[in-house]
**Student:** 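My questions will all concern the structure given below.
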Amino acid sequence: MKTTIIKYSLLVLTTGSLWLTGCRKFLDESDPSNYTEENYFTKPEHARSSVNAIYASLRDPMGGDFGGGPWTMTEFATGQAATDLGQAVDAIYIRTLRNTADNAFGVSYWRNYYKGITNANLSIAKIPNIKMDATEQTKLLGEAHFMRAWYYFTLIRLFGNIPLVTEPVDLKSEQIRPKQANPEDVYKLIVDDLTTAEKAGLPWVDAGGRASLGAVKSLLAKVYLTMAGYPLQKGAAYYDLAAKKAEEVVDSKQYRLFESYYDLHNPAKKNVEENIFMIQYKTQVIPGNWQSLIIPYNKNISAYSSETGGIYAEESFVKSYDPADYRAKEGQFFFTEFTHQDDRSKKVALGGYFLYKLFDVAAQTSTANSDLNWSLIRYADILLVYAEASNEVSGPGAKAYEAVNAIRTRAKLPALSGLTKEQFREAVWRERWYELCFENVTWFDMVRLRKAFNVTTKTFENYVGHKFPVGRALTERELLFPIPSVELRNNPNLVPTKGY
């Protein structure tokens, strides 16, 4: 795998001059001012900076402009997203169920997330050798283990059979071109990493956006829920594990739902209350970079110079919400009109249901420099994980009703009651589809459940055979994204994804 030779992005290597050996004497001498693996990991500051570097890979797939954005690939794979951006061929191939292994979106996730894993492996290997405060050292290692688990959890669900690399790799390593691992082994590492992070003394909440105990337990609940379903199908025991871990988050009282949906895209609400774990951005430093992708094509509503129409909701999906559901009202999760950039008293019809829940109002109307974070784990998700998992174990109990009804109450919908286990199951699934749409959650739910949402009947049907708005039907091959062809060429030990 080509990406594994990138040992770490934060250090400046001195080996680049080796091929010039003999040209001039000074080229044979290493520059002591340059960092190498050997002289870098010597101070506590090095430990912190190395862990900070692990987080950076989260941002790379989040961009978006006239070529589309990698983060949209799991949204187009749900059948619930549309686009007016003809140049975004990678998005169109996914949306029309004609995806290929040459899709650049998949390459972005594969390369950047393995880069994050590589940095995590380096920190995990080197930080224990640094003389520093033991408590801080343990916390930093906990963050590194959490981040490695995050990257592997995403990759195993996207691509299925993936390499498992757990140590730093150099050009002499046997793992320079690793083989794919048994998925059970990948999940074991994920659980082991999160269990290690759980014992690392991390705070329940971290307002700075680093991994927290709440994030660790929440991710572990999501991992167990996935393991209970497809493809591992571990069943009741893992639903029980998921329910108990989600319940720990709920019972901690450290998180709560926002009162207003506006707070989902309010920069003042970074890393607090409902936002358990987020990708960090800062206006004028590292601004959020998906804003031009989520606004309509050239409607002149935005301070951004690019208005791409890159992704918006299929009308049929939005119309499937209950008419009373506040989430589907104008200016909540979606918007169909906005003010003109030259006259904010003038309304412009947008021609579609665009994604207000991801919309930075200040950036769009004035600064063109977004201060929004991207939420990776929301408390609403964990409430629904608890409701679903506990129902699978023992049916809909009072606490499961309380969890799902908290979501419905905010949406101004009546509370659920008196449902059978099967009715409650689908009710929770519907809430997941409606609440977590366009947050890179729904497609993963579809794959673990092998179910898709029929917007006409408002019921769930088998994934394979479910028809998309474009008229084509899902097949088994769409249960995974293909391992990128460029990686297959670089690593002959990789086996292509079935169907691609």
**Student:** Main chain of R177, side chain of N493: is a donor-acceptor contact present, judged purely on distance under 3.5 Å?
**Tutor:** yes

**Student:** Are there more than 12 heavy atoms of other residues, nucleotides or ligands under 6.0 Å from atom OH of Y463?
**Tutor:** yes

**Student:** More than 12 foreign heavy atoms under 6.0 Å from CZ of F66: is that the case here?
**Tutor:** yes

**Student:** Any side-chain to backbone donor/acceptor pair from N266 onto Y262? Under 3.5 Å, distance only.
**Tutor:** no

**Student:** Which residues pass the side-chain hydrogen bond (donor to acceptor under 3.5 Å, both in side chains) test with R344, sequence neighbours left out?
**Tutor:** T339

**Student:** For F159, which of W110, F481, Y109, Y114 qualifies under ring pair (Phe, Tyr, Trp, His ring centres under 6.0 Å)?
**Tutor:** W110

**Student:** Going by the ring pair (Phe, Tyr, Trp, His ring centres under 6.0 Å) test, name the single residue among Y55, Y151, F277, Y152 that passes it with F146.
**Tutor:** F277

**Student:** If we only count heavy atoms from C-beta on, is the Q364 to I301 side-chain gap below 4.5 Å?
**Tutor:** no

**Student:** State, with a plain yes or no, whether a side-chain heavy atom of K412 is found less than 4.5 Å away from one of K329.
**Tutor:** no

**Student:** So, S485 versus D102: side-chain donor-acceptor pair below 3.5 Å or not?
**Tutor:** yes

**Student:** Using every non-hydrogen atom in the two residues, find where G68 and L293 come nearest and quote the distance to one decimal.
**Tutor:** CA-CD1, 3.8 Å

**Student:** For atom NZ of K179, decide whether the heavy atoms of other residues, nucleotides or ligands shown that lie under 6.0 angstrom number more than 12.
**Tutor:** no

**Student:** Are D381 and R432 close enough, and set up right, to give a salt bridge (charged side-chain N to carboxylate O under 4.0 Å, His left out), and what steps lead you there?
**Tutor:** CA-CA 7 Å; D381 187 358; R432 290 190 65 81; 2.9 Å; yes

**Student:** Just checking, is any N or O donor in the side chain of Y434 or S320 under 3.5 Å from an acceptor N or O on the other one?
**Tutor:** yes

**Student:** Just checking, R157 and F153: is the charged tip under 6.0 Å from the six-membered ring centre and within 45° of the axis?
**Tutor:** yes

**Student:** Between F453 and F460, what is the ring plane arrangement, given parallel below 30°, perpendicular above 60°, and tilted in between?
**Tutor:** tilted

**Student:** Would you check if Q423 and P396 make a side-chain contact, meaning some heavy-atom pair closer than 4.5 Å?
**Tutor:** no

**Student:** I'd like to know whether CZ of F258 has more than 12 heavy-atom contacts from other residues, nucleotides or ligands below 6.0 angstrom.
**Tutor:** yes

**Student:** So, for F359 and F338, is the gap between ring centers shorter than 6.0 Å?
**Tutor:** yes

**Student:** At their closest point, which heavy atom of L419 faces which heavy atom of A427, and how far apart are they?
**Tutor:** CD1-CB, 4.1 Å

**Student:** Does any donor atom in the side chain of N275 or S375 lie under 3.5 Å from an acceptor atom in the other side chain?
**Tutor:** yes

**Student:** For the residue pair N99 and N103, what are the closest heavy atoms and their distance?
**Tutor:** OD1-ND2, 2.8 Å

**Student:** Evaluate the side-chain proximity of E314 to T78: yes if any heavy-atom separation is below 4.5 Å, no if none is.
**Tutor:** no

**Student:** Can any side-chain N or O of Q80 pair as donor or acceptor with the backbone N or O of F317 at less than 3.5 Å?
**Tutor:** no

**Student:** Are more than 12 heavy atoms, taken from residues, nucleotides or ligands other than E259, located less than 6.0 Å from that residue's CD atom?
**Tutor:** no

**Student:** Is it the case that more than 12 heavy atoms not belonging to Y297 sit under 6.0 Å from its OH atom?
**Tutor:** no

**Student:** For the NZ atom on K421, are there more than 12 heavy atoms of other groups (residues, nucleotides or ligands in this structure) within a distance under 6.0 Å?
**Tutor:** yes

**Student:** Go through it in stages, so that I can follow the logic: the residues are K451 and E426, the test is salt bridge (charged side-chain N to carboxylate O under 4.0 Å, His left out), and I'd like the CA-CA distance, side-chain angles, deciding distance and then a yes or no.
**Tutor:** CA-CA 11 Å; K451 295 292 183 181; E426 289 211 6; over 6 Å; no

**Student:** Please report the closest heavy-atom contact between V223 and I190, naming both atoms and the distance.
**Tutor:** CG2-CG2, 3.8 Å

**Student:** Might you work through the side-chain contact (heavy atoms from CB on, under 4.5 Å) test for S370 and Y304, ending with a clear yes or no?
**Tutor:** CA-CA 10 Å; S370 178; Y304 285 89; 3.7 Å; yes

**Student:** Quick one: does E307's side chain have a donor or acceptor within less than 3.5 Å of a partner on K299's backbone?
**Tutor:** yes

**Student:** Take R448 and E388, measure what salt bridge (charged side-chain N to carboxylate O under 4.0 Å, His left out) needs, and give me the verdict at the end.
**Tutor:** CA-CA 13 Å; R448 71 176 175 85; E388 179 183 347; 2.8 Å; yes

**Student:** Using the side-chain contact (heavy atoms from CB on, under 4.5 Å) rule, take W443 and V447 through it: C-alpha gap first, then chi angles, then the decisive distance, then the call.
**Tutor:** CA-CA 6 Å; W443 181 77; V447 171; 3.5 Å; yes

**Student:** Less than 4.5 Å apart, any side-chain heavy atom of R98 and any of I92?
**Tutor:** no

**Student:** Do D60 and R111 come within less than 4.5 Å of each other through their side chains, counting heavy atoms only?
**Tutor:** no

**Student:** What closest approach, in Å, do A181 and N161 show between heavy atoms, and which atom pair accounts for it?
**Tutor:** O-OD1, 4.5 Å

**Student:** Would a 4.5 Å heavy-atom cut-off, applied to side chains only, mark N271 and Q280 as touching?
**Tutor:** yes

**Student:** Mind listing the closest non-hydrogen atom pair of I54 and A120 along with its distance?
**Tutor:** CD1-CA, 3.5 Å

**Student:** Report the residues that fulfil side-chain hydrogen bond (donor to acceptor under 3.5 Å, both in side chains) with T166, sequence neighbours left out, ordered by chain and then residue number.
**Tutor:** none

**Student:** Determine, stepwise, if the pair D360 / Q291 fulfils side chain to side chain donor-acceptor pair (under 3.5 Å).
**Tutor:** CA-CA 7 Å; D360 186 331; Q291 292 298 311; 5.3 Å; no

**Student:** Evaluate R410 against E274 for salt bridge (charged side-chain N to carboxylate O under 4.0 Å, His left out), listing each step before the verdict.
**Tutor:** CA-CA 13 Å; R410 182 169 63 172; E274 189 166 347; 2.7 Å; yes

**Student:** Any side-chain to backbone donor/acceptor pair from N440 onto W71? Under 3.5 Å, distance only.
**Tutor:** yes

**Student:** Can you tell me how the ring of F334 sits relative to the ring of Y321, calling it parallel under 30°, perpendicular over 60° and tilted otherwise?
**Tutor:** perpendicular

**Student:** Going by heavy atoms in the side chains, are V464 and R450 under 4.5 Å from each other?
**Tutor:** no

**Student:** Of the options F333, Y261, F335, F438, which is the one that meets Y356 in a ring pair (Phe, Tyr, Trp, His ring centres under 6.0 Å)?
**Tutor:** F335

